[in-house]
Amino acid sequence: MLLGTVGLFGIAYAAGTDWRQVYDLVKSGAVSIFAFALPLMYFAAAVLLVARRKWALPLFVAHLPLAVIYLASRTGIESFSLVWWFGYFCEALVICMCFRLWARGALR
């Protein structure tokens with residue numbers, strides 16, 4: 001959940017920590033509104049996982065490929081650093097944990 005929150009507010013930090021600048025960038029088309037969907041999706045999945053809801057699994061499963069595709073479309077796949085790959089690997093582990101919780105009936 002903490003990573004989702006950091007990702008959500010990381011957009012404002014990347015734009016200079018001013019939400020007016022973020023709004024201007026979105027309004028001008030420099031930043032896609034889709035850039036907000038991925039952190040919101042991750043945050044919602046994290047909240048649902050903490051609440052042990054079954055909808056956490058599809059949100060995490062949808063977020064992982066969309067995040068890779070979005071970042072690759074913005075920067076190119078060759079620019080991914082080890083940190084990015086580690087983050088995606090950790091998210092894959094969270095998905096595996098969700099599958100295990102789902103199989104055990106722990107997700108309602």
Minimum heavy-atom distance between [X] and [Y], given as atom pair plus value:
X	Y	answer
Glu91	Phe60	OE2-O, 3.6 Å
Ala56	Ala45	CB-O, 3.5 Å
Arg108	Ala51	NH2-O, 3.6 Å
Leu49	Met97	CD2-CE, 3.6 Å
Ala67	Leu38	CA-CD1, 3.9 Å
Ala62	Leu66	O-CG, 3.2 Å

Each residue besides Ile69 in its hydrophobic cluster should be listed here, by chain and number; the cluster joins Ile, Leu, Val, Met, Phe, Trp and Tyr at side-chain heavy-atom distances under 4.5 Å.
-> none

Working to the nearest 0.5 angstrom, can you tell me the gap between [X] [atom1] and [Y] [atom2]?
X	Y	atom1	atom2	result
Tyr88	Leu93	OH	CG	15.0 Å
Leu57	Leu101	CG	CG	9.5 Å
Leu59	Arg53	CG	CZ	13.5 Å

With sequence neighbours left out, what residues match Trp102 under ring-ring contact (aromatic ring centres under 6.0 Å, His included)?
-> none

